[in-house]
Amino acid sequence: MKFFAFHLMPWDRLPADFAERYDSAWTTVPNSLYDSQHGGQLYNDYLDQLVLADKLGFDGVCVNEHHQNAYGTMPSPNLMASILARQTNNVKIAVVGNALPLYNPPTRVAEEFAMIDCISGGRLIAGLVVGGGPEYYSFSLNPTHARSMYREAFDLVLRCWTETGPFEHYGQHWKLRYVNPWPRPIQQPHPPIWIPGAGSKETIQFVAQRRFAYMGIPYFHLDFFQRNFDLFRDACEKNGYTADPEQLGWLLPIYVAESDEQAWAEYEEHLWYFVRNLLKGLVIFPPGYTSVRSIAGIQRGLQQFMTSCQTRDDIERGGYAIVGSPDTVREKLKTYSQRLGVGNLLGLFQIGTLPHELACKNMTLFAEQVMPKLRAESQR
Amino acid sequence: MTPNVQHRFLHVGGKKTQLMTLGAGPPLVYLHSAGGETEAIPFHHKLAEHYTVYAPAHPGFALSEGLNDILDIHDLAWHCVDLFAALELENVPVVGYSLGAWLAVELAILRPQLVSRLGLISAAGLHVEGAPMGELFIDDFDKLRELIFFDPNSAAALETTPSSPDDSRMLMWLRAREATARVGWNPYLHDPKLPRHLHRVTQPTTLVWGRHDKMIPLAHGEYYAEHLPCATLQILEACGHGVPWEKCEEAAALLV
């Protein structure tokens, strides 16, 4: 089992009546709510938390890309990853990911990822993603082209890393006469590739066939992850091999404190801020973003999305977040990760309004009292 | 109600195309909106009292196929050219609603001889400074009804949109959204070059608009009326964007 600290870098100062006054924390949420001085402080605190993960012995850190929203104020995860490449020594740096259709031309991703891989001494994990639904609104990018742009860009980025240039690329969406990116990545033939998915059959089949790693989109009920991870393992078998647990990643909020009661007392308000404010208005699938049948399926699946939770009990029963004493968190993670068959645990240790000091305490307790035993057990 | 509603499929330029016909008399082509009204609604029946109404489903709507070959409104207009050829229609009246009205204008520019006169209901197609269109690509049906209808709680408003994700119409609804987004996401439901072509549309044109249209404000109708050489604008009171449902008889009377 590998342990990653995932950061969304959320905005923590939405007004108390945000959920009543605003439709969404995405795309159109007025940026007059953003306070730059405080934003600078947040970025530095959040980076400190990821640097702490390195010192605490996590296997990796994760950053990701979102635009025009309060949920994750990280339009350029590559900026953060390049800072981390310098300020950390051992952790893998997983950028999950760059939303390929948003880069024009997408050779930009091959370039920047190669830079991060070089600076970090080959510690990059390359997340190549379609981009969340809201990005297609925020960029006015046609979501009915999302899949074909993604596939074309994906092949182009891989070709940049595995073939020497210059070569010509002539595709539906990009026509490039001279493709010849400098630099090239340290890791050969290319950095490990992670691809997130929310259960669409197209994505599962693609990732299984190419033997990359599949990261479940978070905030769903455990049963939803189980179904998708089972589908992934089946798809790998159909492609003639057995899935390695490290091809699967489970992303979820985790909070550890000295006791169960203390954990919930310290954590609960910050979790609800996240659920009720930051997830509000999230359009998961704009028109044509994936097949009509997949969209219809996921819309039904939304009954198993975290926003349907009203109580602490709902959160605990669905495994939407793991909260408690080190013993509680360890036992739950052991049980659930074995059931899900995942080899990568991606924890959100800071969420919503959770203050810096509590996020650091959470990570420290996790690294000292949860991670070692889980690691030892998974190696048995 | 006209009894002779028929559905069939044609192959048009390699695309399986669903076609509804109803009524009797001289031909009239009806081009549907983003909502995909491809089954007979009362407004079709009103037109069918005077005409044989041809109502095709655009590629990607209903059971029509071929969206992969449609990249913008002009591809859709070329598909209409092919469809008119397949039906041996020429010099016929064309009525379009919203997305379909935009398509009708593009068709009249591309092949003027196919269109004898135009009926344009709440037409998309323009960007009018100071009169932004509403956001059509939202998942919340309550908000969508408020956007489209003067009275969002009317029976007509309620029956035109699915009521829940389990509604049996959901798949067709999602198909219609995708096919609309394909031609209307960016530029948003308009063709930036269209204003420079409007002087070429010399057919007699009737524009029909709801006074309270929040989806495509009346200013768009006024722009069309001013720049189309032979157009008149008819404004319906107490009416939003849902003209064929909200003012079925009045709108039909203006267009027959």
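This is a predicted model, so every value here is computed, not measured. Every chain is numbered from 1, with letters handed out A, B, ... down the list of sequences.
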*Of all heavy-atom pairs between B:Ile73 and B:Leu103, which one has the smallest distance, and what is that distance?*
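For B:Ile73 versus B:Leu103, the nearest heavy atoms are O-CD1, 4.2 Å.
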*Closest approach of B:Pro59 to B:Ala179 (non-hydrogen atoms, all atoms of both residues)*: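 Minimum heavy-atom contact is O-CB, 3.7 Å.
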Below 3.5 Å only, please: all the donor-acceptor pairs between chain B and chain A, one per line.
from	atom 1	to	atom 2	distance (Å)
B:Phe137	O	A:Tyr137	OH	2.7
B:Ala181	O	A:Asn142	ND2	2.9
B:Arg182	O	A:Asn142	ND2	3.2
B:Arg182	NE	A:Thr144	OG1	2.6
B:Arg182	NH2	A:Thr144	O	3.0
B:Trp185	NE1	A:Tyr136	O	3.2
B:Trp185	NE1	A:Leu141	O	3.0
B:Asn186	ND2	A:Ser140	O	2.9

*Parallel, tilted or perpendicular: ring planes of B:His212 versus B:Phe150, cut at 30 and 60 degrees*: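 Rings of B:His212 and B:Phe150: tilted, as their planes differ by 30° to 60°.
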*asked:* Check whether B:Gln18 reaches the backbone of B:Pro56 with its side chain - one donor and one acceptor, N or O, closer than 3.5 Å.
replied: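 No.
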*Checking B:His220 side chain against B:Ala131 main chain: does a donor-acceptor pair fall under 3.5 Å?*
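A pair under 3.5 Å: yes.
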*Are B:Glu37 and B:Tyr97 linked by a side-chain donor-acceptor pair shorter than 3.5 Å?*
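Judged by distance alone, the side chains do not pair up.
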